[in-house]
Amino acid sequence: MRVGPDAATVALELLRPAEGQVHDLIVMLESAQDCAEVVTMLITVSQTLDRAWFRLLATQVQHCLATSSSSDERGRNLQQLERLFCALS
């Protein structure tokens with residue numbers, strides 16, 4: 001199962017800001033910023049990554065359903081995505 005082009009585009013749109021946020025978090029830690037500000041940035045990074053993950057998963061499910069060549073393949077792909085989704089908890 002490969003990541004579909006739409007799923008990659010959606011994920012990258014959300015991951016690029018996260019990349020900058022992680023960089024900012026590193027700078028904050030290196031410069032000994034206020035603890036509350038660091039925690040706030042960490043929460044922001046975490047939420048951005050969560051949104052990217054959920055959007056990627058939702059878009060990938062659509063891609064797998066649309067491109068599966070057989071019902072067996074569709075079932076295997078959905079089982080694999082289900083396992084990944086369950087790993088979030």
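None of the values given here were measured: they were computed from a predicted structure.
- Between Ala52 and Ala11, the shortest heavy-atom contact is CB-O, 4.4 Å.
- What you find for Leu12 and Pro17 is that their closest heavy atoms are O-CD, 4.5 Å.
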Query raised in the report: Could you walk me through whether Leu49 and Leu15 pass the side chain to side chain contact (heavy atoms under 4.5 Å, CB included) check?
Result: CA-CA 7 Å; Leu49 292 174; Leu15 289 173; 3.7 Å; yes

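- Note that CG of Asp50 is 11.0 Å distant from CG of Leu14, once rounded to the nearest 0.5 Å.
- A distance of 11.5 Å separates CD1 of Ile43 from OG1 of Thr48, quoted to the nearest 0.5 Å.
- Grouping the Ile, Leu, Val, Met, Phe, Trp and Tyr side chains by contacts below 4.5 angstrom, directly or via other members, places Leu29 with Val22.
- We find the CD1-OG distance between Ile26 and Ser31 to be 11.5 Å, quoted to the nearest 0.5 Å.
- Partner of Leu25 under the side-chain contact (heavy atoms from CB on, under 4.5 Å) criterion, chosen from Met41, Glu37, Gln33: Met41.
- Nearest approach of Gln21 to Val45, heavy atoms of both residues: CB-CG2, 3.5 Å.
- Judged by distance alone, the side chain of Ser46 and the main-chain N or O of Leu42 form no donor-acceptor pair under 3.5 Å.
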